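Positions are given from 1 along the sequence. Keep in mind that this is a model prediction, so the values were computed, not measured.
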Amino acid sequence: MTVSNSLQATFTLGFLGAGQLARMSALQAFRFGIQTAVYSDRAENEPVQFITPHSFTGSFSDTEAMIRFARTCDLVTLENEFIDSGILRQVEQQSGTPVYPSPDSFALIENKLIEKQTFEKAGIPVTPYLPVDSRESMEAFGHRHGWPYLLKSSKGGYDGYGNKTVDNIGQAAAAYHELGGEEGHTILAEAFVSFSHELAVQVARNQTGTVVYPCCETIQKNHICAAVKTPAPIDPELRRQAGEMAVSATEAIGGRGIFAYEFFLTTDGRLLLNESAPRPHNSGHYTIEGCVTSQFENHVRAVLGLPLGDTSLRKPAIAMVNLTGSYNRPAETEGIKSVLALPDAHLHVYGKLASRKGRKMGHLTLLGENLEQVYGKAVELAGHVRI
């Protein structure tokens with residue numbers, strides 16, 4: 001489906017998933033007069049459910065429930081990738097409602113094994129990997145690529161969940177059991193690579209064209225993105241190459257929508273594609289104030305078939321810092337004034353009702369002229385905010 005030169009006031013964009021990514025995309029849809037609907041797989045109230053009356057709750061394995069949801073929408077898009085492509089295809093076919101990214105595109109990256117095979121086939125360098133299903137295969141991977149390495153559940157992992165670092169075969173066997181390998185889950189062994197930077201690029205694509213966001217550096221702590229620096233403090237030629245690789249990856253899956261790609265820049269100067277996401281991404285939150293058109297607006301434009309917006313930076317230096325839960329309690333944001341008192345500082349609180357230590361509760365973005373100064377000040381500001 002492609003929106004014509006007009007939009008009816010009743011046009012409804014549906015989101016599979018109801019977290020902060022859907023909320024921030026929905027806020028952009030509202031700007032165009034679009035109604036939004038959401039299908040949540042969680043019992044608790046989620047961020048986007050507070051801003052739309054069209055809210056559904058059910059399992060991502062309940063095909064019939066999702067078909068009923070899709071029939072209330074003019075178009076459906078994704079907020080997460082915890083769904084099966086076969087189910088997504090049934091939802092599209094039986095509801096008659098288009099789904100973007102399409103089930104065919106999603107099927108090419110729906111789990112970490114298929115994802116790596118897809119990009120490897122397209123000639124894009126990826127981190128060394130191997131599906132493992134026995135003690136012998138895990139031990140052989142360690143001998144070949146060295147210990148420690150990472151064991152990953154091929155489906156459903158995020159923010160450090162579904163991943164285990166293993167230093168020896170005993171730890172690998174225990175992690176394999178914990179990740180569900182003995183229950184039929186596909187487990188992937190992935191080598192550690194020596195890298196100097198972790199990078200990310202977002203790409204929006206539809207039939208009107210392709211736009212690429214500036215390559216940024218992600219600062220990781222405990223497998224969770226803690227902060228982002230934009231543009232990445234690396235050679236501009238490497239930033240350009242990362243953008244080209246991200247476009248090639250999007251073309252390889254025939255993607256329509258917004259896609260995010262994470263890279264390692266190895267210590268010997270190579271770029272390796274690590275992971276992708278068929279949706280907006282934490283690494284692109286800086287684009288809300290930092291770019292002419294945010295990743296969330298281009299998410300909406302891309303799936304609707306509208307012309308894509310300019311991705312240029314508004315300032316030479318932008319830093320984004322995630323705000324994670326400081327307590328296990330009902331959510332309450334402390335230190336708001338310390339952020340809002342600073343020019344070109346922007347606070348986003350996601351509206352989650354319960355705070356948990358380490359849970360992503362919001363983020364702040366700071367714009368300026370010098371990247372390291374802006375980043376240092378953003379980290380300092382984040383220290384004053386507790387949720």
Side-chain angles (χ1 to χ4, degrees), residues 20-21 24 127 150 152 157-161 163 165 190 192-202 213-236 238-239 242-243 245-246 260-267 269-277 280-291 294-295 313 315-326 335 339 342 344-350 357-387:
Q20 63 263 24
L21 300 178
M24 287 185 275
T127 49
L150 207 60
K152 293 183 174 182
Y158 70 102
D159 285 352
Y161 298 104
N163 301 334
T165 300
E190 187 176 287
F192 275 114
V193 295
S194 180
F195 63 88
S196 60
H197 297 78
E198 293 183 77
L199 308 170
V201 176
Q202 300 80 35
Y213 284 90
C215 175
C216 60
E217 180 183 14
T218 63
I219 312 299
Q220 307 285 329
K221 293 182 180 178
N222 300 318
H223 301 289
I224 298 174
C225 179
V228 170
K229 298 178 181 180
T230 310
I234 60 173
D235 188 317
L238 288 169
R239 294 200 298 260
M245 289 171 65
Y261 301 93
E262 297 176 274
F263 298 90
F264 292 126
L265 175 58
T266 66
T267 51
R270 294 176 298 128
L271 287 167
L272 299 177
L273 180 54
N274 181 34
E275 291 185 351
S276 68
H281 194 264
N282 192 183
S283 62
H285 289 355
Y286 78 88
T287 65
I288 298 174
E289 291 84 23
C291 293
S294 75
Q295 67 165 346
L313 295 179
K315 285 285 184 72
I318 304 162
M320 186 281 295
V321 180
N322 278 322
L323 302 172
T324 55
S326 303
V339 177
L342 195 68
D344 241 344
H346 307 272
L347 177 66
H348 296 261
V349 180
Y350 300 148
K357 289 184 178 180
R359 188 185 195 191
K360 290 177 181 175
M361 301 298 294
H363 72 267
L364 66 85
T365 305
L366 184 63
L367 283 64
E369 302 298 322
N370 179 281
L371 185 58
E372 289 309 315
Q373 290 178 5
V374 168
Y375 175 68
K377 186 63 179 179
V379 171
E380 179 188 335
L381 284 175
H384 294 300
V385 181
R386 299 178 71 82
I387 304 177

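Every salt bridge (charged side-chain N to carboxylate O under 4.0 Å, His left out) that K152 has, sequence neighbours left out, goes to E190, E275. Partners of E198 by side-chain hydrogen bond (donor to acceptor under 3.5 Å, both in side chains), not counting sequence neighbours: none found. Contacts of D235 classified as salt bridge (charged side-chain N to carboxylate O under 4.0 Å, His left out), with partners at least two apart in sequence or in another chain: none. With sequence neighbours excluded, the residues forming a side chain to side chain contact (heavy atoms under 4.5 Å, CB included) with L313 are P214, T230, P231, Y286, C291, I318, listed by chain and number. Partners of T266 under the side chain to side chain contact (heavy atoms under 4.5 Å, CB included) rule, at least two apart in sequence or in another chain, are D268, R270, L272. Under the side chain to side chain contact (heavy atoms under 4.5 Å, CB included) criterion, A345 pairs with V339, L342, L366, L381, not counting sequence neighbours. Here R359 pairs with E44 under the side-chain hydrogen bond (donor to acceptor under 3.5 Å, both in side chains) rule; sequence neighbours left out. Residues passing the salt bridge (charged side-chain N to carboxylate O under 4.0 Å, His left out) test with R386, sequence neighbours excluded: none. Applying the side-chain hydrogen bond (donor to acceptor under 3.5 Å, both in side chains) criterion to T324, with sequence neighbours excluded, gives no partner residue. A search for side-chain hydrogen bond (donor to acceptor under 3.5 Å, both in side chains) contacts involving T165 returns nothing, not counting sequence neighbours. Listed by chain and number, the residues in a ring-ring contact (aromatic ring centres under 6.0 Å, His included) with H348 are H363 (sequence neighbours excluded).
Between G284 and T287, the shortest heavy-atom distance links the atoms O-OG1, 2.7 Å. Here the closest heavy-atom approach between residue G368 and residue K315 is recorded as O-CB, 3.6 Å. Nearest heavy atom pair, residue C215 against residue L199, reads SG-CB, 4.0 Å. In terms of heavy atoms, L323 sits closest to A382 at CD2-CB, 3.9 Å. Pairing each heavy atom of V374 with each of E369, the nearest pair is CG2-N, 4.0 Å. Taking both residues in full, the closest heavy atoms of Y350 and M24 are given as CE2-CE, 3.7 Å, listed atom of the first, atom of the second, then distance.
To the nearest 0.5 angstrom, H285 atom NE2 is 6.5 Å from N322 atom CG. With rounding to the nearest 0.5 Å, the separation of CZ in F263 from CG in L271 is 7.0 Å. We find the CG-OG1 distance between L273 and T127 to be 8.0 Å, quoted to the nearest 0.5 Å. The distance from atom OG of S326 to atom CE of M361, rounded to the nearest 0.5 Å, is 9.5 Å. Distance check: L21 CG to N282 CG gives 7.5 Å after rounding to the nearest 0.5 Å.
Each salt bridge (Lys or Arg N to Asp or Glu O under 4.0 Å) pair with one or both residues in residues 214-228, not counting sequence neighbours, would appear here, but there are none.
Remark: side-chain polar atoms of Q295 are paired, donor with acceptor, to backbone N or O of H281 under 3.5 angstrom. N163 places no side-chain N or O within donor-acceptor distance of the main-chain N or O of L150, the cut-off being under 3.5 Å.
L367 places a side-chain heavy atom less than 4.5 Å from the side chain of H346.
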Inset, instruction - Decide yes or no on side-chain contact (heavy atoms from CB on, under 4.5 Å) for Y261 and M245, but give the supporting numbers first. - result: CA-CA 9 Å; Y261 301 93; M245 289 171 65; over 6 Å; no
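Between S283 and T218, the side chains place no donor N or O within less than 3.5 Å of an acceptor N or O (distance only, hydrogens not considered).
We find that K229 and E372 are joined by a salt bridge, their nearest charged nitrogen and carboxylate oxygen being less than 4.0 Å apart.
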